[in-house]
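One structure is given below, encoded as structure tokens.
Residue numbers begin at 1 in each chain, while the letters A, B, ... track the order of the sequences.
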Protein chains: 2
Amino acid sequence: MTIALETLKALPLFSDISGDDGAMLIRNSRIISCKRGKFLFMHGDKITHFYVICRGAMQIFRETPGGHEITNDILIAGDSLNTEEVVGSQTVHAVNARAVEDSSLLAIPVSWMRENLKEFDHIAGKLLQNLADRLHSVQVEAEQLTTMSAAQMVACYLQKLCVLYDFDPHGFELPYTKTLIASRLRIEKETFSRTLQTLRDQGITVTGTHVSFKDMRKADNFSCGECSVAEECGTHRLFYEKLDKLSVHGT
Amino acid sequence: MTIALETLKALPLFSDISGDDGAMLIRNSRIISCKRGKFLFMHGDKITHFYVICRGAMQIFRETPGGHEITNDILIAGDSLNTEEVVGSQTVHAVNARAVEDSSLLAIPVSWMRENLKEFDHIAGKLLQNLADRLHSVQVEAEQLTTMSAAQMVACYLQKLCVLYDFDPHGFELPYTKTLIASRLRIEKETFSRTLQTLRDQGITVTGTHVSFKDMRKADNFSCGECSVAEECGTHRLFYEKLDKLSVHGT
DNA sequence: CGATCGTTTGATCCGCATCAAGATAGGTGG
DNA sequence: CCACCTATCTTGATGCGGATCAAACGATCG
């Protein structure tokens, strides 16, 4: 499939790529599609391409010997898939990547990427920044795993989803199954389910796949006001800015 | 304090820096010392420098509102301190850095670093690789937090120390206090202490600060043989290569 | 309409945190 | 050299959060 320059420029990573560089990139890459449930690559596969998601969502996970799935991340349109692996010294994939929904991805050969990284100096800068940001969020998440309760993590994640997808805080649908979200949060689906009950008192109501927030900042005895770790990830600030913006415009 | 080019070249990050670049870097940076227990910077401080450890060790940690210390990492000579922050968009430190022992560090102004990153293209490459590797290890550690028992994590960490410091597996002294190690592993010191007892059956004996390993690969019912996550970090392979090398050279 | 997948609810258990005391060791001053 | 102090480590008792196992429930689909 041939790629439009528009498609390329729609991706944050290549948003300000020059015409020449873009043309060269287009010649060396292609768009592939990955149906819901299909694997893009599996743990142990040889690393052949660097991927950027154009549409859809991918689950990055590992499988324990016991057959348990550990979800490391859920990536969406605009995200790059395996920057660490392209940059790092690995030759085989350390994780599995599977489509959460029908997806399409830009696939760039790793060899080409490694050879030409220097030419695209602004790209290298973006990758650097991207890695730095991801490192930061993974560190924050690791910290949350040990300092926050399951309920707090779920609450934070729901806010994060709301910001990330630009959903209306007063009502939106979960973009993934609850099982997947639980796995992403490294808790069991049973725990997740029970947690949702207790969140009702905190102004977060989930029925079926429908989520709605109430602004509880005044009566805030729960939430993560106590928890500097949660502040650190920046989601809280963004979330409340969102709430404020809405209340100004009415509703 | 003026810096010798030798000092610079001893750091992995600058090992293959050119004479000119080195001279320029020396003009713009300085060596500072940080006594045991002293803070290099604190959470909330403005980010002024990029640091590389020349000697000693630094604890990177955050403090919970409850006063509990969460150790994110313990960095040693050769490690860079705040790459993410220099590269990323932050303006204030998100964590505390405190000297575990008397240390000296190379301090490079952030502004200078940001301006000149492009000139040092091989440096940018190293930073990129460094970030990728760290991202990978933090992800693996996050995974271990939820899949491995405290005993398994301690065992892994002791092996890691052994490889990192090039200690003799048959007997070495812990480089940090047990309290610090426990904090680094995100477990309580009490749990750490109890864990050491149970590890005795697994061929790992710790008395006081003295550690010694027995090669249990044949009778290996415990360890992390079960756990692909542990394999992933590469420490196991390195550790056993070390054991094998020793046994070839006699004992 | 059965079959499969996702979700909820209940009962139970285990690992680790927490609280509370001792124990050990280094370091200091008398 | 001993008494004292403080920092670090160990040991014991207890409780809670979340994992695990089991089963019912709801929804979607061929």
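- For A/Asp73 and A/Arg134, the salt-bridge test fails: no basic side-chain N is under 4.0 Å from an acidic carboxylate O.
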- Query: What's the verdict on side-chain contact (heavy atoms from CB on, under 4.5 Å) for B/Ile70 and B/Phe61, showing C-alpha distance, side-chain angles and the deciding distance?
  - Reply: CA-CA 5 Å; B/Ile70 309 289; B/Phe61 69 103; 5.8 Å; no
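- Taking the six-membered ring for Trp and thresholds of 30 and 60 degrees, A/Phe167 and A/Tyr165 have nearly parallel ring planes, at less than 30 degrees apart.
- Listed nucleotides: C/dC16, D/dT20, C/dT7. Nearest to the side chain of B/Ala150: C/dC16.
- Minimum atom distance to the side chain of A/Ser193 is reached by C/dT8, of the listed C/dT8, C/dA20, D/dG18.
- At a cut-off of 3.5 angstrom, the base of D/dG17 holds no donor-acceptor pair with the side chain of A/Arg194.
- One interatomic measurement links the two molecules: NZ of A/Lys189 to C1' of D/dA22, which rounds to 12 Å at whole-angstrom precision.
- Between the CD atom of A/Glu173 and the C1' atom of C/dT7 there is a distance of 16 Å, given to the nearest Å.
- Residue A/Leu145 contributes atom CG, which lies 13 Å from atom P of C/dA17 at whole-angstrom precision.
- Using a 4.0 Å cut-off between charged nitrogen and carboxylate oxygen, A/Asp102 and A/Lys35 count as a salt-bridge pair.
- With D/dT11, C/dA17, C/dG6 as the choices, the nucleotide that has an atom nearest any side-chain atom of B/Glu190 turns out to be D/dT11.
- Dashed line: the shortest gap from a side-chain N or O of B/Thr179 to OP1 or OP2 of D/dA7 is not under 4.0 Å.
- Taking side-chain N and O atoms only, B/Gln197 has no distance below 4.0 Å to OP1 or OP2 of D/dT10.
- Here the C1' atom of nucleotide C/dT18 and the CZ atom of B/Phe192 are 19 Å apart, to the nearest Å.
- Rounding to whole angstrom units, CE of residue A/Met148 and C1' of D/dC16 are separated by 18 Å.
- Computed from coordinates, the B/Tyr176 OH to D/dC9 P distance equals 14 Å when rounded to whole Å.
- Rounded to whole angstrom, the span from the NZ atom of B/Lys178 across to the P atom of C/dG26 amounts to 12 Å.
- Under the 4.0 Å criterion applied to side-chain N and carboxylate O atoms, A/Arg194 and A/Glu188 are not assigned as salt-bridge partners.
- One atom, CD1 of B/Ile187, and another, C1' of C/dT18, lie 15 Å apart when rounded to the nearest Å.
- The phosphate of C/dC16 has neither OP1 nor OP2 within less than 4.0 Å of any side-chain N or O from B/Thr191.
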